[in-house]
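Read the structure below first, then the notes.
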Amino acid sequence: EAGVVQSPRYKIIEKKQPVAFWCNPISGHNTLYWYLQNLGQGPELLIRYENEEAVDDSQLPKDRFSAERLKGVDSTLKIQPAELGDSAVYLCASSKLAGGYNEQFFGPGTRLTVL
Amino acid sequence: AQSVSQHNHHVILSEAASLELGCNYSYGGTVNLFWYVQYPGQHLQLLLKYFSGDPLVKGIKGFEAEFIKSKFSFNLRKPSVQWSDTAEYFCAVTPSSNTGKLIFGQGTTLQVKP
């Protein structure tokens, strides 16, 4: 069974540029999560999807961040414009169903460096 | 607000030494508890989990964790570490009633010397 796929794995951009990250969850997983992991910290949830609906985006900075999950499968997270403080690892995870009893499977992450 | 605290940021052990990593959480209700591990160059993966029942849970690779409700703790243990256990370890909590939002601790980097 293929795991969660993310691309790109690394991205270096100048500040004020836009950037997008892509995630393909495990087949059959209805719930998709985007997490932000700063250096030396644990992941923090940005947004959670159940199918194509964003059901928890309270931690997403909506002035510059946006996300979509068209057709309830893969998802894109965008930052526009990027700031220096956005340098971090962006993790995607998926689970079969929502709820705290469902194991979340993580992708390898995208490491973003903003110069 | 709910939070998770991992007391040890960086632990260095020799092979065959015993390991205990501390994890405390703040939440008054029923919780589900997890330990995730990230080996160098790899993605986060689940080590073990506790939902209910026996508070001593066993995970992969000889790891175990004990849930002590009165202390709001979920410490990770291994009686004898190996060089291959070198990794970053994250404790995470989600309220049982919640729809899956994991709250992570800041992580502990374990370095095992051969």
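Below, chain A is the first sequence line, B the second, and so on; all start at residue 1.
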### Task
Evaluate side-chain contact (heavy atoms from CB on, under 4.5 Å) for B/Leu102 paired with A/Tyr35, printing each intermediate quantity in order.
CA-CA 10 Å; B/Leu102 280 172; A/Tyr35 287 87; 3.5 Å; yes
### Query
How close do B/Phe90 and A/Gln41 get, heavy atom to heavy atom, and via which atoms?
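Smallest heavy-atom distance, with atoms named: CE2-O, 3.7 Å.
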If Ile, Leu, Val, Met, Phe, Trp and Tyr residues are connected whenever their side-chain heavy atoms lie under 4.5 Å apart, and connections chain through other members, are [X] and [Y] in the same group?
{"X": "A/Ile79", "Y": "A/Val89", "result": "no"}
{"X": "B/Leu21", "Y": "B/Tyr39", "result": "yes"}
{"X": "A/Phe21", "Y": "A/Phe105", "result": "no"}

### Message
With chain A as the partner, which of B/Gln38, B/Gln106, B/Gln45 has the greatest number of non-hydrogen pairs under 4.5 Å?
### Response
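Most pairs with chain A among the choices: B/Gln106.
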#### Entry: Over 12 non-hydrogen atoms of neighbours within 6.0 angstrom of CG in A/Leu39
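Not buried by this count: 12 neighbours or fewer within 6.0 Å.
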### Message
More than 12 heavy atoms of other residues, nucleotides or ligands under 6.0 Å from CH2 of A/Trp22: yes or no?
### Response
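Atom CH2 in A/Trp22 is crowded, with more than 12 foreign heavy atoms closer than 6.0 Å.
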### Query
Given a strict heavy-atom distance threshold of 4.5 Å, which part of A/Glu44 is in contact with chain B: side chain, backbone, both, or neither?
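Contact with chain B involves no heavy atom of A/Glu44 at all.
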#### Entry: CD-CD distance between B/Glu88 and A/Gln37, expressed to the nearest 0.5 angstrom
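The CD atom of A/Gln37 is 6.5 Å from CD of B/Glu88, to the nearest 0.5 Å.
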### Task
Would you please test A/Glu103 and B/Phe34 for side-chain contact (heavy atoms from CB on, under 4.5 Å) and show each step?
CA-CA 9 Å; A/Glu103 180 181 348; B/Phe34 305 82; 5.8 Å; no
